[in-house]
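Comments concern the structure below.
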There are 2 protein chains.
Amino acid sequence: MRDNSNRSAGRPTLEEVAARAGVGRGTVSRVVNGSAQVSPKARKLVQDAIDELGYVPNRAARALVTQRTDSIALVVFESGERFFAEPFFGRIVQSVSSVLVARNLQMVLMIAQAPEERRQLEGYLTRQHVDGALLLSLHGDDPLPMILEERGVPTVRAGRPAHPGPSSLVDADNRGGARAAVTYLQEQGRRCIATITGPMDMAPGIARYQGYRDVVGDGPAAAGDFGEISGAMAMEWLLANYPQIDAVFAASDMMAAGALRVLRRAGRRVPEDVAVVGFDDSVIARHTDPPLTSVYQPIEQMGQEMVRLLLAKLDGDEPVEHETVLPTRLILRGSA
Amino acid sequence: MRDNSNRSAGRPTLEEVAARAGVGRGTVSRVVNGSAQVSPKARKLVQDAIDELGYVPNRAARALVTQRTDSIALVVFESGERFFAEPFFGRIVQSVSSVLVARNLQMVLMIAQAPEERRQLEGYLTRQHVDGALLLSLHGDDPLPMILEERGVPTVRAGRPAHPGPSSLVDADNRGGARAAVTYLQEQGRRCIATITGPMDMAPGIARYQGYRDVVGDGPAAAGDFGEISGAMAMEWLLANYPQIDAVFAASDMMAAGALRVLRRAGRRVPEDVAVVGFDDSVIARHTDPPLTSVYQPIEQMGQEMVRLLLAKLDGDEPVEHETVLPTRLILRGSA
DNA sequence: GGTTCATCCGAGAGCGCTCCCGCGGTAAGA
DNA sequence: TCTTACCGCGGGAGCGCTCTCGGATGAACC
C-alpha cells in the first residue's frame, strides 16, 4: 500500500518539493539553505512548492551529512538542591533558551549532580549529540572544559575558573559590584563597615572580597560559604568582636538573610542601627524583612553573551578564546 | 588523503566495528540494540570490538531510519519571571532530567513566554524534532495538547486542565493537602480558621479551596492570585472583617508570606495569636519569619511519573490516557 | 556568427544506521 | 538418512539530506 509517487504518507521530503516545483533536489536544497546560486524564478517556484506542501527539512537527515546537530548543551554542575534554590540558574537557562530558540537551535539541558552522572556526561558530550556546550557552575579545576575542547567540542563557561582554561568565558563584575555596594554604604555615612565573605577558594568569593577591600581596606571580615547558616554564624562572630559595626556587606543574599536574623535577635534595627547589603539580587532579597539592598548581576545578558560566544566559536570566525565581563548594579531596597 | 579502510579519522562507525569483530553490520546492530537473535560468541566478539574502538552509535543516522529522535521536550508555558521565581519548575526540570539521562534520552527544554514564541513552538513540536512532550503550567484551555496529540506527538501534562483533554496527566493531591493543613490547624485547637484562596479559575486554586471547605465548611475566605501582594491584601481584609481569626490557611507560600507581613504589622504574633500555613513548601517557606508550615508536593515524583507515562505512551504498551494523582504532605515549621 | 565564460541547475554519491530478505548450518522429527 | 524447521547471520536497500561536479544555457565578446 506504499505510495512513493506523489503524496506520500508522512511529511513531504526534499524530493517531493523538487518534483512539485519541477526542479532538481539540488535547487531545492539551495533555496532552503539560502544559497545565492539560484535564479529568482527557480527560487519562487521552489518557495511556492515549499509553502504548499508545508515542507520542513528533516533534521536527522541533515545532521547525518553535515555532522552538525543544531543543538547545544547547557550543562549545570550542581546538585538538584542548589539548582532550584538559586534563582541564578533559572534565569540563565531562560535567557539562553530564548536566544537559542530565536536562532532555531535546540537547547539540551543537562544537570550533572552525582559523580556518576558527571562521568556519563563527559562521554555524552564528547561523542556526537551536540555542537557545543555552555558550562555553568563548574567546580574547582574541573578538567571537563579542557577535555571537551581537545575533542573538538567548543565550550563557553560562566564565571572565572581558579586556573584559566581553554574555554571562552563570561563573568559578572563581582569586584566592581562589591565596590559599589561598599561605597554606597560609606556615602550613607556608615563608619564601620564589616563584610561576610564567600568561600575564599571560589572566584566570586575572592573577587567580592577584593571589591570590599578596594574601598575600606582591612575592615572587620568573617568568612562564610554563601549559605544562610554561615551568614548567621559570621554575623554573630562580627557582633561579638566588633560591636560598633554599623553596616555589613554580605557576599550573597543568603548570608545576608542569615545576618538579618541574627541582627534582629541581637536587637539591632536594620537599617537604622546596622545597614545590610547582599549580593545576587535573588528572590529572597525581596522577601526578607526588611527587603535586602543587593548587587544585581545581569544574568540575562550573561546568558545571551554565552550563546553569542559559543556560536562565534562554532562558526569559526572569532579568535579561539574570548572573555566578557559584564557590569553589576546595586539595587536599593529597605536594608541599606 | 581519505582513508576509508581501517581506521578513519572521525569516530568509528558500525561498519568498522563489524570489520574488527569479523561479523556483518547486521550483527553489530543487533548487539547494540540488545536483540536476542545473537549467539553469545558473536555478541562477545562485537562487544569487545565496541569497547576497543569506543564505538557509540550515531544518533542522527539512527534517527533518520527509525523516525525517532530519542529526545523529548519539556515545555514550560510561563514567563521567564515566573519560571525562575517558582522553585516548582526547577525541581520538575531537575527530576525529569535525571530520569531522562538514565534512559539515555535527551531533554530539550523550551520556555514559551511570548505569544509569538508560543506559535513557533507549535510548529516546532509538531514537526520532527522530538518524540513527545511534557507540558508544564499550561494556561486555561490551551489547545496545544489537542493539536499535538492529533499530529501524533504524545503529551503528558502536569496539573489538571479546566476541561479534560487528550493528554495523560500527573497532578498533586491539592485537595487532600489542603484538608490535611486545615485539619492540623483544628487539632492544634484553632477555632477560627480563615483561608486565602488562589484564583478560582485555576484548578489548584479550586482544589485547595475545596480541601479547606471539606474541613471547616463556610469559613472566612478571601481570594488572592497566588502572589505575595494579593496575600497581604487578603490578610488585611480578613483582619478587618474577622478580627477573631486565630489561623490562616493560604493556598500558596507567597500569599502566606504576604499575610505574615500584614499580621506582624497588625501586632499579631505568629504562631501564638494566629497560626499560618502555606502551600508549595517553596524556598521562601524556609526564609520567612517565622518559617512557614507548608504543604509539600512531591514534585520530584511528579516529574518522574510524567516521564514514565510519556514513555509508556511512546512505547504504545499502555492505554492512551492515564492519570496519576500524587499525595501531598504537611511540613511543620514555626508558623503553625 | 562563433567562441568563451559565467551562471544556474540536475543528479550521483554517500553520510551511518536499521530493516528485512534469504542463505547456510544445526537440531528435531519422520 | 532425509526432510522440515528454526536460528543466527550477512549484506542490500534505503531513510532524507548536502555536496560536488559536469552539463546546459545564455550573455558577452571578437
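Owing to the predicted nature of the structure, the values given are computational and were not obtained by experimental measurement.
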>> Using the side chain to side chain contact (heavy atoms under 4.5 Å, CB included) criterion, which residues pair with A:Ser71? Sequence neighbours excluded.
In response: A:Thr69, A:Gln106, A:Val108, A:Val130
> Counting side-chain heavy atoms from C-beta on, which of D:dC9, D:dC15, C:dG16 comes nearest to B:Asn58?
Replying inline: C:dG16
> So, is A:Gln37 close to the C:dC8 phosphate, meaning a side-chain N or O under 4.0 Å from OP1 or OP2?
Replying inline: yes
>> Which residues pass the salt bridge (Lys or Arg N to Asp or Glu O under 4.0 Å) test with A:Glu323, not counting sequence neighbours?
In response: A:Arg160
> Roughly how bent is the helix from C:dG1-D:dC30 to C:dA30-D:dT1 end to end, in steps of 10 degrees, with each end axis from five pairs?
Replying inline: 40°
>> Heavy-atom nearest nucleotide on DNA chain D for B:Ala61 versus B:Gly22: which residue maps closer to 5'?
In response: B:Gly22
>> Contact list please: residues 23-36 of chain B against DNA chain C, heavy atoms, distance less than 4.0 Å, in numerical order.
In response: B:Arg25, B:Ser29, B:Arg30, B:Asn33
> How would you list, by chain and number, every residue that makes a side chain to side chain contact (heavy atoms under 4.5 Å, CB included) with B:Val32, sequence neighbours excluded?
Replying inline: B:Val28, B:Ile50, B:Tyr55, B:Pro57, B:Arg62
For nucleotides 22-28 of chain C, print each protein N/O atom paired with a nucleotide N/O atom at under 3.5 Å, atom names and distance only.
none

>> List the residues meeting side chain to side chain contact (heavy atoms under 4.5 Å, CB included) with A:Ala158, not counting sequence neighbours, and say none if there are none.
In response: A:Leu136, A:Met306
> With respect to the side chain of B:Leu14, which nucleotide from D:dC17, C:dC9, C:dC17 is positioned closest?
Replying inline: C:dC17
> Could you state the CZ-P distance from B:Arg68 to C:dC17, rounded to the nearest angstrom?
Replying inline: 19 Å
> Quick one: which of C:dG14, D:dC15, C:dC17 gets closest to the side chain of B:Leu64?
Replying inline: D:dC15
> How long is the line joining CD1 of B:Ile50 and P of C:dG16, in whole Å?
Replying inline: 16 Å
>> I need the CZ-P distance between A:Arg59 and C:dC17, as an integer number of Å.
In response: 20 Å
> Taking only residues two or more places apart in sequence or in another chain, which ones pass side chain to side chain contact (heavy atoms under 4.5 Å, CB included) with A:Ala61?
Replying inline: A:Asn58, B:Leu64
>> List the residues meeting side-chain hydrogen bond (donor to acceptor under 3.5 Å, both in side chains) with B:Thr27, not counting sequence neighbours, and say none if there are none.
In response: none
>> What is the separation between atom CD on B:Gln67 and atom P on C:dC17, rounded to the nearest whole Å?
In response: 17 Å
> Nearest to the side chain of B:Thr66 - C:dT18, C:dG16, D:dG16?
Replying inline: C:dT18
> Of all residues at least two apart in sequence or in a different chain, which pass the salt bridge (Lys or Arg N to Asp or Glu O under 4.0 Å) check with B:Arg103?
Replying inline: none
>> Can you tell me which residue among A:Val93, A:Val101, A:Leu134 is in a side chain to side chain contact (heavy atoms under 4.5 Å, CB included) with A:Met107?
In response: A:Val93
> Only one of A:Leu135, A:Leu144, A:Val75 clears side chain to side chain contact (heavy atoms under 4.5 Å, CB included) with A:Thr155; which?
Replying inline: A:Leu135
> In whole angstroms, how far is the C1' atom of C:dT7 from the NZ atom of A:Lys41?
Replying inline: 13 Å
>> Using the side-chain hydrogen bond (donor to acceptor under 3.5 Å, both in side chains) criterion, which residues pair with A:Glu52? Sequence neighbours excluded.
In response: A:Arg20
>> Can you tell me which nucleotide in C:dC8, C:dC17, D:dC17 comes closest to the side chain of B:Val65?
In response: C:dC17
>> For B:Asp70, give me all partners under salt bridge (Lys or Arg N to Asp or Glu O under 4.0 Å), at least two apart in sequence or on another chain.
In response: none
